> 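Structure provided below as structure tokens; questions to follow.
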Amino acid sequence: QQKVQQSPESLSVPEGGMASLNCTSSDRNFQYFWWYRQHSGEGPKALMSIFSDGDKKEGRFTAHLNKASLHVSLHIRDSQPSDSALYFCAVGMSNYNVLYFGSGTKLTVEP
Amino acid sequence: EAAVTQSPRNKVTVTGGNVTLSCRQTNSHNYMYWYRQDTGHGLRLIHYSYGAGNLQIGDVPDGYKATRTTQEDFFLLLELASPSQTSLYFCASSRTGNSGNTLYFGEGSRLIVV
């Protein structure tokens, strides 16, 4: 059973638009949520982590965490073609030294 | 930024063959991980280690062995490769096992078992 569910599987937005990605944990014992981004032919790279309720903003990227619903979202404003990539949500559990990854959302930003 | 180097980048082997994937990190990180990436499954943890000589079992360990020979080097071994092990393999490292620490990934090793 996958601990992390992501939606949608794929998403297309116009350049300059807003992209919104969703992620839910099936395990309440999480400590951190992470967002990683993977461009084609490369390894995943960390975007940001969040562990407190509310918003965390880093440049054009904003993560929103709702602990009660075990849900985190990632919003990318002013999307650029270079944002086109596979985005993974990952959850770190409080009792385990590993991250559990979702199946990813493929984002395409169309010029 | 932390550097993680994997080799080989691409490998084709036959069913029943032996394969060793290598990973080296040069950032003095304690934790190293092996993940496999498959469409629809995301990244799944095979094995991980918190130091030389240590090995921990991940979520999908069947058919895989791993060995951490030094702090820098972590190897994944497939002794009787099967077509189901065709996948993209990633090695990663982190300073500690705390889930607040960033994972740094290598560029990946694509394995095809025919």
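If you're wondering where the values come from, they're calculated on a predicted model, not measured in any experiment. In what follows, chains carry the letters A, B, and so on, assigned in the order in which the sequence lines appear, proteins first and then strands, with residues in each chain numbered from 1.
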> Taking only Lys NZ, Arg NE, NH1 and NH2, and the carboxylate oxygens of Asp or Glu, determine whether A:K57 and A:D55 approach each other closer than 4.0 Å.
no
> Between B:D73 and B:R68, is the closest basic N to carboxylate O distance under 4.0 Å?
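Salt bridge between B:R68 and B:D73, a charged N being under 4.0 Å from a carboxylate O: no.
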> Scan side-chain atoms only and decide if B:S109 and B:Q6 contain a donor-acceptor pair under the 3.5 Å cut-off.
yes
> Check whether B:L103 gets within reach of chain A through its side chain, its backbone, both or neither, counting any heavy atom under 4.5 Å.
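It is both, since atoms from each part get that close.
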> Quick one about A:H75 and A:S20 (side-chain donor to acceptor, distance below 3.5 Å, no hydrogens or angles considered), yes or no?
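Checked: A:S20/A:H75 side chains pair up, N/O donor to acceptor below 3.5 Å.
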> Check this for me, if you would: do A:E9 and A:K106 make a salt bridge, where the nitrogen-to-carboxylate-oxygen distance has to be below 4.0 angstrom?
no
> Can you tell which part of B:R9 gets under 4.5 Å to a heavy atom of chain A, answering side chain, backbone, both or neither?
side chain
> Is the centre of the B:Y48 ring less than 6.0 Å from the centre of the B:Y33 ring?
yes
> Report which part of A:F51 has an atom under 4.5 Å of a heavy atom belonging to chain B: side chain, backbone, both, or neither.
neither
> Please report the closest heavy-atom contact between B:L21 and B:W34, naming both atoms and the distance.
O-CZ2, 3.6 Å
> Taking only heavy atoms into account, what residues of residues 50-60 of chain B are found under 4.5 Å from chain A?
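When heavy atoms of chain A are the reference, residues 50-60 of chain B contributes B:D59 within the under-4.5 Å range.
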> Would you kindly say whether A:E110 and A:S12 are connected by a side-chain donor-acceptor distance under 3.5 Å?
yes
> Shorter than 4.5 Å, heavy atoms on both sides: which option in B:N98, B:D38, B:T102 has the most such pairs with chain A?
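Ranked by contacts with chain A, first place is B:T102.
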> Who among A:F30, A:Y36, A:F88 has the most heavy-atom pairs with chain B under 4.5 Å?
A:Y36
